[in-house]
2 protein chains.
Amino acid sequence: MKATRQRVAVREALDRAGAFRTAQALHDEMKTAGEAVGLTTVYRTLQALADAGEVDVLRTADGEAIYRRCATGDHHHHLVCRSCGASVEVSSDEVERWAAATAELHGFSDVEHTAELYGTCRGCS
Amino acid sequence: MKATRQRVAVREALDRAGAFRTAQALHDEMKTAGEAVGLTTVYRTLQALADAGEVDVLRTADGEAIYRRCATGDHHHHLVCRSCGASVEVSSDEVERWAAATAELHGFSDVEHTAELYGTCRGCS
DNA sequence: AGCGGTTTTGACAATCGTTTTCATCTAGCC
DNA sequence: GGCTAGATGAAAACGATTGTCAAAACCGCT
């Protein structure tokens, strides 16, 4: 994947945000920051980054995709602030064990799981 | 809420399915079953049922809403088959404890959580 | 520096799930 | 049986996301 100005800009914007953002929010923030990039390109780049495992994708309650550049590429979950998007990366053996045990108990294979916490962070409350 | 033919039909279709369904899939199944109801009404009814806590709503990976009439109104999670929508309702004190503890540790308030397992059920594999 | 071929970009149109609108219909009550 | 608030549904509107395609940027080569 070529390192174009636009792709670098998207990555920087994600880092600057340091939180979950929708593609459109990111696009707006980039425009404000003077790094204008087409909305289509933002979508494409985010998807490419997601496919490459460089960003995590979640869905808000109303189905919008939100993206975040995470510190680790390893499997983890998130504690996300509903109001500002700030998030903490958390891992939990308990959850992993629960997922594996439950899947086996009911004879399901190829099991993946999602486990995210949504709340209000200290700063926003 | 008035008990109209349409609302009864939606509820019956959900029960008949016994699994997670999109609004459109449900609409198709109802048409096939000869209980034609407008798509708009299916959407409205599902939303009303969801608001009333009578059905659970999840989001597929691509953002579509899927609905299921659950046996219990109590808080629980799901083990869902990606291919046929069949699902098992599961609860887990472990997950609840983990969610509460993690939220408190990071000073988040008003925390809700989602925790769903997606796999392939015995019948589909 | 200039060239040619491939990749990327971005304005715009198209898609698709979902919601709104609004005129018509119906359930439930007198 | 008639009234009326609430319910229906066809069609239009909506909003996030994806496809299209011509123009622009990039790369390796001379």
Side-chain angles (χ1 to χ4, degrees), chain A residues 1-14 17 19-52 54-68 80 82 85 114 116 118, chain B residues 1-14 17 19-52 54-68 80 82 85 114 116 118:
Chain A
M1 186 145 97
K2 284 191 207 170
T4 62
R5 173 186 75 78
Q6 288 87 337
R7 303 221 247 244
V8 172
V10 169
R11 210 177 297 208
E12 283 178 358
L14 269 174
F20 277 98
R21 288 290 138 91
T22 64
Q24 315 218 36
L26 217 49
H27 176 250
D28 289 350
E29 288 173 16
M30 293 173 67
K31 190 177 323 192
T32 303
E35 321 172 308
V37 166
L39 179 56
T40 309
T41 301
V42 174
Y43 272 108
R44 268 192 295 236
T45 304
L46 286 173
Q47 205 156 294
L49 289 172
D51 287 350
E54 282 198 54
V55 305
D56 282 8
V57 191
L58 257 57
R59 295 266 168 192
T60 63
D62 56 318
E64 263 181 300
I66 52 178
Y67 303 85
R68 149 115 205 232
V80 187
R82 262 188 293 263
T114 65
E116 315 296 338
Y118 298 92
Chain B
M1 187 145 100
K2 284 191 208 171
T4 62
R5 172 184 76 79
Q6 288 87 337
R7 301 223 247 244
V8 172
V10 169
R11 210 178 297 210
E12 283 178 357
L14 269 174
F20 277 98
R21 289 289 138 92
T22 63
Q24 314 217 35
L26 216 49
H27 176 250
D28 289 350
E29 288 174 14
M30 292 172 69
K31 190 177 325 193
T32 303
E35 321 171 309
V37 165
L39 179 56
T40 309
T41 301
V42 174
Y43 272 108
R44 270 193 294 238
T45 304
L46 286 173
Q47 206 156 294
L49 289 172
D51 289 349
E54 281 198 54
V55 305
D56 283 6
V57 190
L58 258 56
R59 295 263 168 194
T60 63
D62 56 318
E64 266 181 298
I66 51 178
Y67 303 85
R68 150 115 206 232
V80 187
R82 262 189 293 263
T114 65
E116 314 297 337
Y118 298 91

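These figures come from a predicted structure and were not determined experimentally. Below, read A as the first sequence line, B as the second, and so on, with proteins coming before strands; counting in each chain starts at 1.
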Discussion item. Minimum heavy-atom separation for B:Arg5 and B:Ala36, please, with both atom names.
Written reply: NH2-O, 3.2 Å
Worksheet item: With respect to the phosphate group of D:dT17, does any side-chain polar atom (N or O) of A:Tyr43 fall under 4.0 Å of OP1 or OP2?
Response: yes
Worksheet item: More 5' along DNA chain C: B:Ala3 or B:Ile66, using each one's nearest nucleotide?
Response: B:Ile66
Worksheet item: B:Glu116 and B:Leu58: side-chain contact (heavy atoms from CB on, under 4.5 Å), yes or no, with the steps?
Response: CA-CA 9 Å; B:Glu116 314 297 337; B:Leu58 258 56; 4.0 Å; yes
Fill in: Verdict with reasoning, B:Gln6 to B:Thr45, per side-chain contact (heavy atoms from CB on, under 4.5 Å)
CA-CA 8 Å; B:Gln6 288 87 337; B:Thr45 304; 5.6 Å; no
Worksheet entry | CA sep, side-chain torsions, deciding dist, call: B:Val10, B:Arg7, side-chain contact (heavy atoms from CB on, under 4.5 Å) | CA-CA 5 Å; B:Val10 169; B:Arg7 301 223 247 244; 5.8 Å; no
Discussion item. Nearest 0.5 angstrom please: B:Leu39 CG to B:Asp28 CG, how far?
Written reply: 8.5 Å
Discussion item. Can you measure A:Arg21 atom CZ to D:dT17 atom C1' for me and round it to whole angstrom units?
Written reply: 20 Å
Are any protein N/O atoms closer than 3.5 Å to N/O atoms in nucleotides 4-8 of chain D? If there are, list each pair with its distance.
{"residue": "D:dA7", "atom": "OP1", "partner": "B:Arg7", "partner atom": "NH2", "Å": "2.4"}
{"residue": "D:dA7", "atom": "O5'", "partner": "B:Arg7", "partner atom": "NH2", "Å": "3.4"}
{"residue": "D:dT8", "atom": "OP1", "partner": "B:Thr4", "partner atom": "OG1", "Å": "2.6"}
{"residue": "D:dT8", "atom": "OP2", "partner": "B:Arg7", "partner atom": "NH1", "Å": "3.2"}
{"residue": "D:dT8", "atom": "O3'", "partner": "B:Gln6", "partner atom": "NE2", "Å": "3.0"}

Worksheet item: What distance do A:Glu64 atom CD and A:Gln24 atom CD have between them, rounded to the nearest 0.5 Å?
Response: 7.0 Å
Worksheet item: Whole Å only: how far is the CG atom of B:Asp62 from the P atom of C:dG17?
Response: 9 Å
Practice prompt. Return the value, rounded to whole Å, for the distance between atom CG of A:Leu39 and atom P of D:dG19.
Written response: 14 Å
Fill in: Minimum-distance nucleotide to B:Ala23 side chain [options: D:dA16, D:dG19, C:dT18]
C:dT18
Worksheet item: Within the structure, does a side-chain N or O atom of A:Gln24 lie under 4.0 Å from either OP1 or OP2 of D:dG15?
Response: no
Worksheet item: Taking A:His27 for the side chain and A:Gly38 for the main chain, is one N or O donor matched with an acceptor at less than 3.5 Å?
Response: no
Item to complete: May I ask you to test the A:Glu29-A:Leu26 pair for a side-chain heavy-atom distance under 4.5 Å?
Response: yes
Discussion item. In this structure, how many angstroms lie between the P atom of D:dT17 and the CG atom of A:Leu26, rounded?
Written reply: 12 Å
Discussion item. Can you give me the bend angle of the helix from C:dA1-D:dT30 to C:dC30-D:dG1? Use the axis through the first five pairs and the one through the last five, nearest 10 degrees.
Written reply: 20°
Worksheet item: Would A:Leu49 and A:Leu14 satisfy side-chain contact (heavy atoms from CB on, under 4.5 Å), going step by step from the backbone distance to the final call?
Response: CA-CA 11 Å; A:Leu49 289 172; A:Leu14 269 174; 4.3 Å; yes
Fill in: Nucleotide D:dA10, atom P - distance to NE2 of B:His27 in whole Å
8 Å
Practice prompt. Using only side-chain N and O atoms of B:Gln47, determine if any of them is under 4.0 Å from OP1 or OP2 of C:dT19.
Written response: yes
